[in-house]
**Q** 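I am attaching a structure below and will ask some questions about it afterwards.
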There are 2 protein chains.
Amino acid sequence: MLKFNELKQIESVNGALKLRNQIEGIVDRIYSEGFDHIFYMGIGGTYASSMQAVTYITGKSALPVYVENASEYLTTGNRKLTNKSIVIISSVTGSTEEMVRAVSQVKELGARIIGFIDVKEAPLAKSVDYLISYPANEQLKFFMVADRLMFNNGDFSQYEQYYKELDAHLAKALVEVEKAADSFGEQFAQKHKDDSMHYFVGAGNQWGAVYSYAMCYWEEQHWLRSKSIHSSEFFHGTFEVIDRDTAVTLFIGEDEQRPLSERVANFLPRICSRYTIIDTKDYALEGISEEYRGRISHLVLHAVTQRIDAHVEKINCHPMEIRRYYRQLDY
Amino acid sequence: MLKFNELKQIESVNGALKLRNQIEGIVDRIYSEGFDHIFYMGIGGTYASSMQAVTYITGKSALPVYVENASEYLTTGNRKLTNKSIVIISSVTGSTEEMVRAVSQVKELGARIIGFIDVKEAPLAKSVDYLISYPANEQLKFFMVADRLMFNNGDFSQYEQYYKELDAHLAKALVEVEKAADSFGEQFAQKHKDDSMHYFVGAGNQWGAVYSYAMCYWEEQHWLRSKSIHSSEFFHGTFEVIDRDTAVTLFIGEDEQRPLSERVANFLPRICSRYTIIDTKDYALEGISEEYRGRISHLVLHAVTQRIDAHVEKINCHPMEIRRYYRQLDY
């Protein structure tokens, strides 16, 4: 399999899960100190992950949690973000300009900042109050904070049981998804490698992932045109430009918003012959209880799209690392 | 001028502004009763207008105001929406399925609902606590509620002066924008009538309008493919697929997020030759003070895009009323 190292991927996920002790210590302390609001702040891909975490929490808890876009914060501001707030961020490089500036303002304000910064020495790493430095697995790390916040808030009584299952089975379950999805990924890549436009549709804790998949993967890394649209909004405009030959991929997860995507799944075949449905339900996830599957739908989706990406990259002879403009120019 | 009736349009805007007494009565009463959160709830075009109102308030006030998508509310729920909340909605037909169901749940919960429903007899009109029935001008109506809320909250001391200017000058200023933009609108329509894809970029209180313009106008009413992208997110993916011949239109407003769009304006000419910049600053708005211009940028944008729409409709021989699927099929 292309770009697939089973052992390394299992270690990567298990290593992220092992951050739990550290995350619990930080979250328990901050929670007991009290807070007014919680913000997941990001831009681009990290904004997308923030949307996922916030949708996830909103479905299960009354915690006052919000998404904040770093650039919007720098201009519009947000008077709800105070010295009593908690801000959660993530950055691979720790040098994204908008994030560095926004987080520095947040720090000055006195809010407590939890930062997952892969590069320990980066500017962002110096601004955060609680630094956790471990590569990749951004969504998993964001959701671990979310879960512990909800546990403290009395919204997740099965927390220990859930993580017992993840510790024992998640890493293996995800590589098994990749194996099961690989030939599909290759066929999909062959079929769609030349698309002039591709529509990606999804909802729930996957919506941020769909937004990011269209923008941060197809546009940014494959240089292929794509548009993401929320399953609920699909019926309020976008579907009018879908016809027989339009490439549409629908992601269906297993969380509360599943019915919104099922509605698209029922409708799509009537107007389009070039659609694909990727349903997390089709993947086994050995060892994960039925009731918990919706909580990790976004990770299953990511495992499937990794297989698509590996094949698109090879077939299109377009290394995913290259950029036309991003960090190539001043802007 | 196509589809332009100066007198009728002036009367339409002035009629909406005359709702102010009624709006003030409702908002003052609700504000004095107290509340926990304020939600602008919508779907599709009304979700877009909700985003605009919430961005507008967030830049000026600490009021606990949020956007809620009706479909997401029906599935994920929102535990912050309680019997102490205020919910603001708008609907032309008053029969949009998701809104009817969501608002009925909100009513059952006991939240107070302010509804702008054009059709007085519609199902939605029966669910709201405070019904205001006046056609069109959705964004203006939403912003009038926002302004009165902020006035009550001590965030808008120039409220009376501002509305004195709007009452005297807004309607005329907006028809003057349309007149000034008409020949531009025709040229734009000629140039872009066959676009295989068109990117619309914007920020601030215009972002919802840009989202809606791409989805509810180009996709839904012109059957032309388009993607909206926030000016801040443009640099985190989408710009990688923009090249010399890509059609890109940037909307620049005059509110707090103007710098985010100016950044796009500075960058775009380096990578693209087929871009258009529509800057609200280029329109006179006689009688409106400089300091208030940013508050109505979205209305200026709408006046300009109305001219584009009138010409696209004629040139493409595609009446804007027709739909392929929307309300033509069960789904």
Side-chain angles (χ1 to χ4, degrees), chain A residues 43-45 47 55 58-59 61-62 64 66 69-72 75-80 98 196-197 203-204 212 214-216 218-221 223-227 229-233 235-243 255-260 263 266-267 270-271 323-326 329 331, chain B residues 43-45 47 55 58-59 61-62 64 66 69-72 75-80 98 196-197 203-204 212 214-216 218-221 223-227 229-233 235-243 255-260 263 266-267 270-271 323-326 329 331:
Chain A
I43 193 157
Y47 175 61
T55 301
T58 302
S61 166
Y66 306 104
N69 181 291
S71 265
E72 293 194 68
T75 48
T76 299
N78 189 328
R79 301 194 197 183
K80 290 189 270 294
E98 299 94 329
S196 59
M197 188 63 194
S212 158
M215 185 171 84
C216 304
W218 278 53
E219 289 183 333
E220 182 168 338
Q221 300 185 54
W223 300 357
L224 287 170
R225 290 188 176 161
S226 63
K227 171 168 179 160
I229 184 76
H230 196 286
S231 301
S232 74
E233 294 285 282
F235 294 105
H236 291 272
T238 301
F239 73 160
E240 293 283 346
V241 294
I242 308 299
D243 59 20
D255 68 347
E256 300 88 353
Q257 292 189 23
R258 181 175 177 88
L260 304 182
R263 189 182 185 204
N266 290 333
F267 178 69
R270 297 173 70 189
I271 64 161
R323 300 289 179 274
R324 267 192 185 108
Y325 314 126
Y326 188 70
L329 298 167
Y331 45 80
Chain B
I43 194 157
Y47 174 63
T55 301
T58 302
S61 167
Y66 306 103
N69 181 291
S71 265
E72 294 194 67
T75 48
T76 298
N78 189 327
R79 300 195 198 183
K80 292 191 269 293
E98 299 94 330
S196 60
M197 188 63 195
S212 158
M215 185 171 84
C216 305
W218 278 53
E219 290 183 332
E220 181 168 339
Q221 299 185 53
W223 300 356
L224 288 169
R225 289 187 178 163
S226 63
K227 170 167 180 161
I229 183 76
H230 196 285
S231 301
S232 74
E233 294 285 281
F235 294 105
H236 291 272
T238 301
F239 74 160
E240 293 283 345
V241 295
I242 308 298
D243 58 20
D255 68 349
E256 301 88 352
Q257 292 189 23
R258 181 175 178 86
L260 303 183
R263 189 182 185 204
N266 290 333
F267 178 70
R270 297 174 69 191
I271 63 161
R323 299 290 179 275
R324 266 191 186 109
Y325 314 125
Y326 188 71
L329 298 167
Y331 44 81

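Being a predicted model, the structure only gives us computed values, none of them experimental. The chains referred to below are lettered A, B, ... by the order of the sequence lines, with proteins before strands, and numbering in each begins at 1.
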**Q** Checking heavy atoms, do the side chain of B/D255, its backbone, both or neither come under 4.5 Å from chain A?
**A** neither

**Q** Could you look at A/S61 and say if it's the side chain, the backbone, both or neither that has a heavy atom under 4.5 Å from chain B?
**A** backbone

**Q** Can you tell which part of B/R323 gets under 4.5 Å to a heavy atom of chain A, answering side chain, backbone, both or neither?
**A** both

**Q** Please flag which part of A/L224 lies under 4.5 Å from any non-hydrogen atom of chain B: side chain, backbone, both or neither.
**A** backbone

**Q** Is B/R270 in contact with chain A via its backbone, its side chain, both, or neither, using a 4.5 Å heavy-atom distance?
**A** side chain

**Q** Using modelled atom types and a 3.5 Å cut-off, is there a donor and acceptor pairing between side-chain atoms of A/R225 and backbone atoms of B/V241?
**A** yes

**Q** For each of A/S212, A/A70, A/G77, A/G59, tally heavy-atom pairs with chain B at distances under 4.5 Å, and name the one with the top tally.
**A** A/G59

**Q** For the interface with chain A, which of B/N266, B/I229, B/I271, B/D243 has the highest count of heavy-atom pairs at distances below 4.5 Å?
**A** B/I271

**Q** Without swapping roles, check the side chain of A/E240 against the backbone of B/Y325 for a donor-acceptor pair under 3.5 Å.
**A** yes

**Q** Verify, without hydrogens or angle tests, whether A/K80 (side chain) and B/P64 (backbone) share a donor-acceptor contact under 3.5 angstrom.
**A** no

**Q** Using non-hydrogen atoms only, which part of B/Q221 is less than 4.5 Å away from chain A: side chain, backbone, both, or neither?
**A** neither

**Q** Under the rule for ring pair (Phe, Tyr, Trp, His ring centres under 6.0 Å), what residues qualify as partners of A/F235, not counting sequence neighbours?
**A** A/F239, A/F267, B/Y331

**Q** At a heavy-atom distance under 4.5 Å, which candidate from A/T238, A/I242, A/N78, A/T55 has the highest pair count against chain B?
**A** A/T238

**Q** How about B/E256 and A/T76: does a side-chain donor come under 3.5 Å of a side-chain acceptor?
**A** no

**Q** Going by distance alone, is a donor N or O of one side chain under 3.5 Å from an acceptor N or O of the other, for A/H236 and B/E98?
**A** yes

**Q** Can you list everything that forms a side chain to side chain contact (heavy atoms under 4.5 Å, CB included) with B/N69? Sequence neighbours excluded, please.
**A** A/S232, A/E233, B/I43, B/Y47, B/S71, B/E72

